[in-house]
Amino acid sequence: MLIRRALPGDGAGIARLIVRAAPHFEVKGYPDGEWPEGMVVLVAVDGDTVVGWIEGILDGAYTGPGAPVPPPHGYVLALVVDAAWRRRGVGTGLLDAFVAVAGRSGTRWVFLKPEEGEHVEERVAFFEQAGFAPVPDPDGTWPPMGRRTRGAG
C-alpha cells in the first residue's frame, strides 16, 4: 500500500470508493479526475486500486475557541477507507500524510470535525489514536479535534 497525492487518473477510483464505502458523500468532480483548486487530495493505493482517500484544505480558519495558533489552519474535510482495508493503518497513514503536507506548507495546526451519528465514539477514539485532541468547545456535543504539525513557527 502506498500513500501519495492523488492524480487525475485516480478520480474514478476515488469516486468508486466513495460510492462503495461512504455513499452519503458527494463524488463531485472525482469521476472526471477534477477537484477544486487548493484542495489537498491524497490517496492510499494498492496497485491501481484506491483503498483510502482524504481531502482537505490548508487555508482554513477554525473560528471556535481553543485554536492553539492563528490561521491559516488545515482542515480535513473527508476521510474514507475501504472496509476491507480498515484497521490496517490506512486511515492513520492518510491523516499523517495530510498533517505532513500541512506542515511543509507552513500550516501549524490541522483540525477536523468528527462526523456525528452512529459510531461517532469509535471515530473520536480513532482520531485520538491518530494524535488529534478535542478542542475546547462549550457548545458542541462532539467537539472539533486538532493536531499540531511540524510546520514553521
Side-chain angles (χ1 to χ4, degrees), residues 1-64 67 69-120 122-124 126-127 129-132 135 137 140 142-152:
M1 189 232 2
L2 172 69
I3 295 175
R4 61 169 169 73
R5 280 199 182 255
L7 305 170
D10 296 320
I14 294 169
R16 283 191 297 274
L17 174 66
I18 292 168
V19 168
R20 185 173 63 251
H24 59 286
F25 285 150
E26 292 182 38
V27 296
K28 300 181 250 188
Y30 284 111
D32 299 321
E34 299 174 1
W35 37 90
E37 189 173 325
M39 184 80 65
V40 175
V41 181
L42 307 174
V43 291
V45 294
D46 179 43
D48 292 332
T49 304
V50 175
V51 299
W53 156 77
I54 191 170
E55 73 173 14
I57 58 173
L58 302 180
D59 60 353
Y62 175 68
T63 58
V69 298
H73 302 132
Y75 181 26
V76 174
L77 298 168
L79 170 66
V80 176
V81 175
D82 185 273
W85 283 83
R86 292 182 186 150
R87 302 194 187 285
R88 295 172 64 180
V90 176
T92 301
L94 286 164
L95 285 168
D96 288 347
F98 184 87
V99 169
V101 168
R104 286 192 300 274
S105 79
T107 301
R108 298 181 301 161
W109 189 66
V110 171
F111 75 101
L112 54 82
K113 295 178 183 176
E115 185 177 352
E116 294 192 26
E118 187 176 5
H119 305 295
V120 66
E122 289 90 347
R123 282 190 288 283
V124 169
F126 163 72
F127 291 131
Q129 290 173 352
F132 285 78
V135 178
D137 184 355
W142 296 103
M145 301 179 80
R147 176 175 160 185
R148 286 186 181 267
T149 72
R150 296 182 190 263

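Computed from a predicted structure; not experimentally measured.
- Distance alone, capped at 3.5 Å, places no donor-acceptor pair between the Thr92 side chain and the Gly89 backbone.
- The aromatic rings of Phe111 and Tyr75 sit parallel to each other, their planes meeting at less than 30°, with 60° as the upper class boundary.
- Taking a 6.0 Å sphere around CD of Glu122, one finds it holds more than 12 heavy atoms contributed by other residues, nucleotides or ligands.
- Closest approach of Val80 to Leu94, counting heavy atoms only: O-CD1, 4.5 Å.
- Formation of a donor-acceptor pair under 3.5 Å by the Arg147 side chain with backbone atoms of Ala130 is found in this model.
- Taken to the nearest 0.5 Å, the OG1 atom of Thr107 stands 13.0 Å off from the CZ atom of Arg148.
- Annotation: the span from Arg108 atom CZ to Arg150 atom CZ amounts to 15.5 Å, rounded to 0.5 Å.
- Here the closest non-hydrogen pair linking Ala44 and Val90 is CB-CG1, 3.6 Å.
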For this session: Walk me through it: do Phe127 and Val76 pass the test side chain to side chain contact (heavy atoms under 4.5 Å, CB included)?
Result: CA-CA 11 Å; Phe127 291 131; Val76 174; over 6 Å; no

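- Just one residue in the list Leu79, Val110, Leu42 forms a side chain to side chain contact (heavy atoms under 4.5 Å, CB included) with Leu95, and that residue is Leu79.
- Considering every non-hydrogen atom in both Gly11 and Trp35, the closest pair reads CA-CZ3, 4.3 Å.
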For this session: Using the side chain to side chain contact (heavy atoms under 4.5 Å, CB included) rule, take Ile57 and Met39 through it: C-alpha gap first, then chi angles, then the decisive distance, then the call.
Result: CA-CA 5 Å; Ile57 58 173; Met39 184 80 65; 4.2 Å; yes

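- For the atom pair CZ (Phe25) and OH (Tyr30), the distance works out to 10.5 Å, reported to the nearest 0.5 Å.
- Looking at every heavy atom in both residues, Trp109 comes nearest to Thr149 through N-CG2, 4.0 Å.
- With a 6.0 Å radius and a threshold of 12 heavy atoms from other residues, nucleotides or ligands, Arg5 has its CZ atom at or below the threshold.
- Only one option out of Val50, Asp10, Thr49, Val43 pairs with Leu17 in a side chain to side chain contact (heavy atoms under 4.5 Å, CB included); it is Val50.
- In this structure, the side chain of Asp82 engages the main chain of Ala84 through a donor-acceptor pair within 3.5 Å.
- With Arg123 contributing its side chain and Glu115 its backbone, the two residues share a donor-acceptor pair below 3.5 Å.
- The shortest heavy-atom contact between Ile18 and Glu26 is CD1-O, 4.0 Å.
- Contact record, Pro71 with Gly60: CB-O, 3.9 Å, taken as the closest heavy-atom pair.
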